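We're numbering straight along the sequence, starting at 1. Note that the coordinates shown come from a computational prediction; the quantities given were computed from them, not determined experimentally.
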Amino acid sequence: MRSFLGFSLCVMLAACSNPNKDVEFSPVQGEERGYQAVSRTFISIDTGRGKEQMSSTSQQLARYKVVQAGKETKLELYIDYLNMRDGQSGFRSSRRASANPELHALFSKGFSLTADLEAGKLTHFAALNDKVWQALLKNRGTELEAELKKMFSAATFITTVPAKVGATVRLPGYQDLTDVTLTVLAVTDEQLTAQLAAELDDGKLYGQLVLSRQSGWLEKMLMVADLPFEQYGYAGRVRSQVVMVPDSEMYGSLFQQLEYNYQRPVYEYTTPPELASVTTMQPLTRQQVFPWPQGYFVLNDDLLGVNYQHDFSAGQQGRLKLTAISAQNSADELIPLQLRSQRLYTYANDDRFVKSSQQNLLVGWNEPDELMNDVAQLSAEAGFYPAELTTLRIKPDPANTITVSEGELTVTLSPVPDKPQTYRLTASGNERYQLLQRYDGAEGAMISYPGAQFSGPDWLTEDERNALDLVMAPYYNDAQHVTIFEFKQLPAELRLYANVYADKPLYRQSIQFLPHDKYPQADTLPPTNQYLLFDEDRFGQYAQDDVLSPPPVPQNPAAVKPEPVNNFGLAVHLSADLAQLCTLTVNEAPQVSGQALQWQLVPQSPRQALPKQVMYQLSTADGIRRYFYDIDVTTSLSCKGTPHWQVLDYTPEVSWLVDLNKLPEWEPGWTMATLLQRYRFLNHEGLALSPVQSGWSYDLSEQQLSTQLHNEHYLRIQGRVMQIQQLTQQGEPVNRNWSYRFPALP
């Protein structure tokens, strides 16, 4: 019955909002509430031959519908999305029903439950697929009934929770534990926060939950249990974690945030780049907002990203909302794909232009994963909502809370008691108002974000404590942001900035979205992202080794000189530019092991598409010997001149599509490496861009240029080309001669 665990806990915790004198559960017929729920379970069993470890996770979208309100309240529970993983096996709502017919038939229809709210008891629970349900009861009735008795016992329904901080309620028999206590931690006009706790000899439980004071519905919850486990004659322990939050776009994917142990670190605030006010710019045109008829989509583990690129700079502000998303096959027939919006992002892409991305979850039980195989395009109605930048000024006061507002946005700055120079900034409003993370005047301050208001017991692990902070902290809510400032010196004033979005779209347009792998094939559509040619530029300060971040080499051939390698080797480093114009020669040297000595190019790392610099090492002709003892070598460097990158008088009309016929010279028989050694396609920062590459080989020395061209002479570049440079030479030829003696073996 482990497959019922995540589902059962969801129902149990919805029941925590039953009637009491302060928080009355008052459902309305026809009302629906949706939740994201994530459970993670770790089981350790002593098999007699050692301990065996098992783990499982479950993520789901659960939707409660009130079908009858009153003393006898009836609810139906629908699981719109389910993803369970148990070791190497798993079960998903997005997969074929044949993968697990029994579970698919059970969960796809949903469940019904009836509660006597006055008595605080669950009087009926069943699956809506009665045929499968009855078969389960017949085949596994004892196990099923025991599970239900544990999960839906009368103690699950809490009849009274006093709305007073510190008030406690004993819950006998809760989760088969005999001494569980509910304690009220905080009470506001909107919410009641409480904890569940039990400390026993053989088990322990801890949880925090928030209930709505107005409706009694659960708003969010985290619970951790460490309990004995016994199955098939084996004993062990099970540690489980269950989290629930409303199924709302503002939360994004709860599972991803828990999976990646999402945290918000403490950092020192530094002045960001100059902030451009959109009020001083020209209004955006329709052509800037909707420059292309198509965007693209990417499917990643049931999460469908639908993306569109705009042709305006990051200084402009606005956001795109997609509605009425539909899917079509190659015959333009509708595909019954069901999507649930998870989150909407609008951000500046690497090329300084703006991208909108809407993340959607594949929901429903009609095998959406299979349906995606037939999707040739998506269609959607898009509305663009522009934003204006507004400035708020607030002066820290060590003795008082200061409040400023702009429309529906309210910002307060309060001194934190017993912490000098420390202030709490709280911003609340609605989705039209977005406070930016820019605080002029706070330079040098340490910025942090408050965790959960109430910490849990010491036995919680670091991951469990992080999950508690993630879910119960005030910042896990887009309607309210809380930031802590620890100033080194109290500023006279803080200048805050907020985007105020229009309540109606400036422009509307129908857009089609192509699969990500088809999108680059259209010459008229921009690349999906910018990709730099050189690893050193792409990784920059994050490079951790000499391969990605080698020491700089001279550009002037007169400054080049050999360098010892471990005392008994000799190497010459050349920039890739110099390597095109220079030749290394061994003039005089004895043979070693019957082999002549020569300069050999050291192969580059397979991770690098094209190196910025190369290394030659003195070697025997067969490449075996690279270390030498007690010999003299005379060698020379001959260069045609000094490399110079000359700017061409040609900028592509379509910035990512280069007409090679406009270049001084090129040959279809060249390799990609040959072209890129002679020409550079630079972005707005002067960094070299990589071409869009197709095929399996990423070795540019093997890729034939002719196989990468569009319409015979156009090359697609992975970014927007602002300038093209050609490698030329200037100055007189340069010849250098060196003599080197290798030391004798010690």
Side-chain angles (χ1 to χ4, degrees), residues 6-38 59-82 93 107-129 151-152 156-161 163 187-194 209-221 242-251 254 323 338-342 361 363-365 430-431 471 476-480:
F7 158 75
S8 301
L9 287 171
C10 289
V11 178
M12 174 197 73
L13 285 154
C16 289
S17 53
N18 261 349
N20 55 71
K21 66 179 182 179
D22 291 301
V23 180
E24 182 178 357
F25 182 44
S26 51
V28 178
Q29 186 170 339
E31 181 181 17
E32 290 191 12
R33 291 293 178 104
Y35 295 92
Q36 285 192 60
V38 175
Q59 54 176 318
Q60 57 188 273
L61 297 182
R63 177 168 46 91
Y64 295 87
K65 181 178 180 180
V66 181
V67 296
Q68 178 179 308
K71 174 181 176 295
E72 188 177 66
T73 293
K74 295 182 179 179
L75 300 131
E76 290 178 347
L77 172 61
Y78 299 97
I79 309 299
D80 294 329
Y81 176 79
L82 179 64
S93 56
F107 282 95
S108 63
K109 298 298 182 182
F111 302 84
S112 66
L113 55 147
T114 304
D116 183 337
L117 297 187
E118 289 186 0
K121 292 183 178 181
L122 180 70
T123 58
H124 175 75
F125 172 80
L128 291 175
N129 190 327
M151 296 297 178
F152 306 110
T156 302
F157 291 88
I158 304 166
T159 57
T160 302
V161 178
V187 179
T188 68
D189 291 341
E190 293 79 26
Q191 297 176 331
L192 182 146
T193 302
L209 55 89
V210 175
L211 304 177
S212 167
R213 288 288 306 276
Q214 182 178 3
S215 66
W217 283 95
L218 176 73
E219 293 196 347
K220 55 184 179 179
M221 177 279 303
V242 182
V243 179
M244 289 182 66
V245 298
D247 175 22
S248 171
E249 182 179 299
M250 67 183 179
Y251 287 105
L254 173 66
T323 57
Q338 300 176 55
L339 301 174
R340 179 76 58 83
S341 175
Q342 289 281 285
L361 193 64
V363 297
W365 295 82
N430 58 33
E431 64 172 6
V471 176
Y476 198 67
N477 186 334
D478 274 0
Q480 184 180 76

Exercise. Are the side chain of S215 and the backbone of S212 linked by a donor-acceptor contact shorter than 3.5 Å?
Worked result: no
For this session: Apply side chain to side chain contact (heavy atoms under 4.5 Å, CB included) to E72 and T114, showing your working.
Result: CA-CA 7 Å; E72 188 177 66; T114 304; 3.4 Å; yes
Problem set entry | Neighbour count >12 (heavy atoms, 6.0 Å) for atom CD, E32 | yes
Do you know the tightest heavy-atom contact between [X] and [Y]?
| X | Y | answer |
| --- | --- | --- |
| L77 | A62 | CD1-CB, 3.9 Å |
| M221 | V471 | O-CG1, 4.0 Å |
| P27 | A69 | O-CB, 3.4 Å |

Compare all side-chain heavy atoms of [X] with those of [Y] and state whether any distance is below 4.5 angstrom.
| X | Y | result |
| --- | --- | --- |
| Y78 | K109 | no |
| H124 | S112 | yes |
| R213 | V187 | yes |
| L192 | V210 | no |

Exercise. Does the side chain of Q191 pick up a donor-acceptor pair with the side chain of E219 at under 3.5 Å?
Worked result: yes
Exercise. Going through the distances and angles, do Q29 and Q68 end up as a side-chain hydrogen bond (donor to acceptor under 3.5 Å, both in side chains)?
Worked result: CA-CA 5 Å; Q29 186 170 339; Q68 178 179 308; over 6 Å; no
Atom pair [atom1] ([X]) and [atom2] ([Y]), whose distance is rounded to the nearest 0.5 Å:
| X | Y | atom1 | atom2 | result |
| --- | --- | --- | --- | --- |
| D80 | S108 | CG | OG | 11.5 Å |
| E190 | L211 | CD | CG | 14.0 Å |
| S93 | Q338 | OG | CD | 10.0 Å |
| Y64 | Y35 | OH | OH | 7.0 Å |

Exercise. So, R33 and D247, do they make that salt bridge, N to O below 4.0 Å?
Worked result: no
For this session: Determine the interplanar angle of the F111 and F125 rings, folded into 0 to 90°, and report it as parallel if under 30°, tilted if 30 to 60°, perpendicular if over 60°.
Result: parallel
For this session: Specify whether W365 and F107 have parallel, tilted or perpendicular ring planes, treating 30° as the upper limit for parallel and 60° as the lower limit for perpendicular.
Result: parallel
For this session: Walk me through it: do R340 and L61 pass the test side chain to side chain contact (heavy atoms under 4.5 Å, CB included)?
Result: CA-CA 10 Å; R340 179 76 58 83; L61 297 182; 3.6 Å; yes
Problem set entry | Candidates V245, L361, V243 - the one meeting side-chain contact (heavy atoms from CB on, under 4.5 Å) with Q36 | V245
